[in-house]
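Below: one structure, written as structure tokens.
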Amino acid sequence: MRIRRGNAAGRRRIPAPKPHAMERMYQQALSAGRLLPDAAQLRLVGMLSQLQGKLPAFAASLEQHRAELSALQRQIQTVPSKDEGRLQQLHQKLEELRPPRKPKGIYIHGGVGTGKTQLMDLFFESTQLAKKRRVHLHDFMVDVHSRIHAWKQAEPEEEPLLDMKEEKEAEVRCSLRS
């Protein structure tokens, strides 16, 4: 099994992951015989646990960013058009507002039977975020292509991928390929 790290980018309280939940679940899977001891798996469990620890803070800062963005957009709508100075100031703030940096993701690949899917399932189960989605890579790509097709039908002159990146269905996506 090979593991590569890569880039993946509130007021509401988001629960932190249970301490060492990923490691505990991995040990349970070993004890139950669902997985065999493997050094690469153990290293991946550590990396996934580290990523998992960063997700609640990222989700909270992303929610805060979205709230600030919405507030600015509402303010812009309420300012009279004759107040050009105020409108310019709000548009400047809007341009300067940057989303929080996303934690680096992890790309997992390897041979059949090395535990990739089972470890991803453990990660997904033990991640305590409200917005998360587990999808097989094939289904994910079908969804992406159907959205692109729908966009092209509705807006033939527009570039669909520019809008696709703005989708906010999930804070965490686990895409699996057989």
Side-chain angles (χ1 to χ4, degrees), residues 1-32 34-35 38 40-74 94 97-110 114-148 150 160-178:
M1 175 184 326
R2 294 184 188 269
I3 306 158
R4 280 196 274 169
R5 296 200 119 177
N7 287 330
R11 293 187 172 108
R12 185 175 60 116
R13 186 164 166 76
I14 297 173
K18 297 174 185 169
H20 310 290
M22 182 80 195
E23 290 95 340
R24 188 171 46 256
M25 291 175 80
Y26 178 69
Q27 290 301 323
Q28 290 170 348
L30 288 174
S31 298
R34 291 192 314 270
L35 291 171
D38 181 275
Q41 286 179 2
L42 188 58
R43 195 176 92 216
L44 176 59
V45 166
M47 293 169 70
L48 288 170
S49 293
Q50 286 180 350
L51 175 59
Q52 203 172 49
K54 296 174 185 176
L55 293 176
F58 170 71
S61 60
L62 186 60
E63 189 171 312
Q64 177 66 35
H65 169 76
R66 289 177 181 158
E68 291 172 7
L69 185 62
S70 292
L72 276 172
Q73 289 169 335
R74 281 192 308 273
L94 193 60
L97 188 61
R98 300 280 180 242
R101 285 189 60 136
K102 296 176 184 176
K104 288 188 179 216
I106 301 171
Y107 179 76
I108 307 165
H109 59 99
T114 57
K116 300 178 301 293
T117 299
Q118 288 181 324
L119 291 179
M120 185 56 55
D121 288 343
L122 292 178
F123 174 77
F124 186 81
E125 270 182 59
S126 62
T127 299
Q128 302 294 312
L129 291 177
K131 292 181 179 180
K132 61 182 183 176
R133 180 179 177 202
R134 184 199 181 284
V135 62
H136 193 279
L137 183 64
H138 174 73
D139 296 329
F140 173 75
M141 293 308 297
V142 167
D143 181 48
V144 166
H145 286 282
S146 67
R147 289 177 190 214
I148 290 172
L161 294 179
L162 295 176
D163 189 58
M164 294 288 291
K165 72 178 184 177
E166 297 299 322
E167 289 296 321
K168 298 174 180 86
E169 293 175 1
E171 308 294 345
V172 173
R173 284 182 187 82
C174 298
S175 298
L176 305 171
R177 180 174 59 145
S178 308

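Note that the coordinates shown come from a computational prediction; the quantities given were computed from them, not determined experimentally. Positions are given from 1 along the sequence.
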Minimal non-hydrogen separation, [X] against [Y], with atom names:
{"X": "L35", "Y": "L30", "answer": "O-CD2, 3.5 Å"}
{"X": "T127", "Y": "K132", "answer": "O-NZ, 2.7 Å"}
{"X": "M22", "Y": "L119", "answer": "CE-O, 3.4 Å"}
{"X": "Q41", "Y": "G115", "answer": "NE2-CA, 3.7 Å"}
{"X": "L129", "Y": "P56", "answer": "CD2-CA, 4.3 Å"}
{"X": "P99", "Y": "H65", "answer": "N-CE1, 3.4 Å"}

Hey, what do you get for [atom1] ([X]) to [atom2] ([Y]), rounding to the nearest 0.5 Å?
{"X": "L62", "Y": "K131", "atom1": "CG", "atom2": "NZ", "value": "7.5 Å"}
{"X": "R34", "Y": "Q28", "atom1": "CZ", "atom2": "CD", "value": "7.5 Å"}
{"X": "R66", "Y": "S61", "atom1": "CZ", "atom2": "OG", "value": "10.0 Å"}
{"X": "F58", "Y": "L51", "atom1": "CZ", "atom2": "CG", "value": "10.5 Å"}
{"X": "L48", "Y": "I108", "atom1": "CG", "atom2": "CD1", "value": "5.0 Å"}

Within-4.5 Å side-chain heavy-atom neighbours: [X] and [Y]:
{"X": "L44", "Y": "I106", "result": "yes"}
{"X": "Q52", "Y": "S126", "result": "yes"}
{"X": "E23", "Y": "Y26", "result": "no"}

Task: NZ/NE/NH1/NH2 to OD/OE distance under 4.0 Å, R133 and D143 - done: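 Salt bridge flag = yes for D143 with R133.
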- [ ] Would you confirm whether the ring centroid of H138 sits within less than 6.0 angstrom of the ring centroid of F140?
- [x]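 Here the rings of H138 and F140 have centres that are no less than 6.0 Å from each other.
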Task: side chain to side chain contact (heavy atoms under 4.5 Å, CB included) between L122 and V45, intermediate numbers included - done: CA-CA 9 Å; L122 292 178; V45 166; 5.8 Å; no
Task: Main-chain N/O of G110 paired to T114 side chain as donor or acceptor, under 3.5 Å - done: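 No, T114 side chain to G110 backbone: no donor-acceptor pair under 3.5 Å.
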TODO: Please report the C-alpha distance between D121 and R134 in whole Å, then the side-chain angles of each, then the deciding distance to 0.1 Å, and finally whether the side chain to side chain contact (heavy atoms under 4.5 Å, CB included) criterion is met.
DONE: CA-CA 8 Å; D121 288 343; R134 184 199 181 284; 2.6 Å; yes
TODO: Report yes or no: do Q64 and E68 form a side-chain donor-acceptor pair below 3.5 Å?
DONE: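 Indeed, the side chains of Q64 and E68 share at least one donor-acceptor pair under 3.5 Å.
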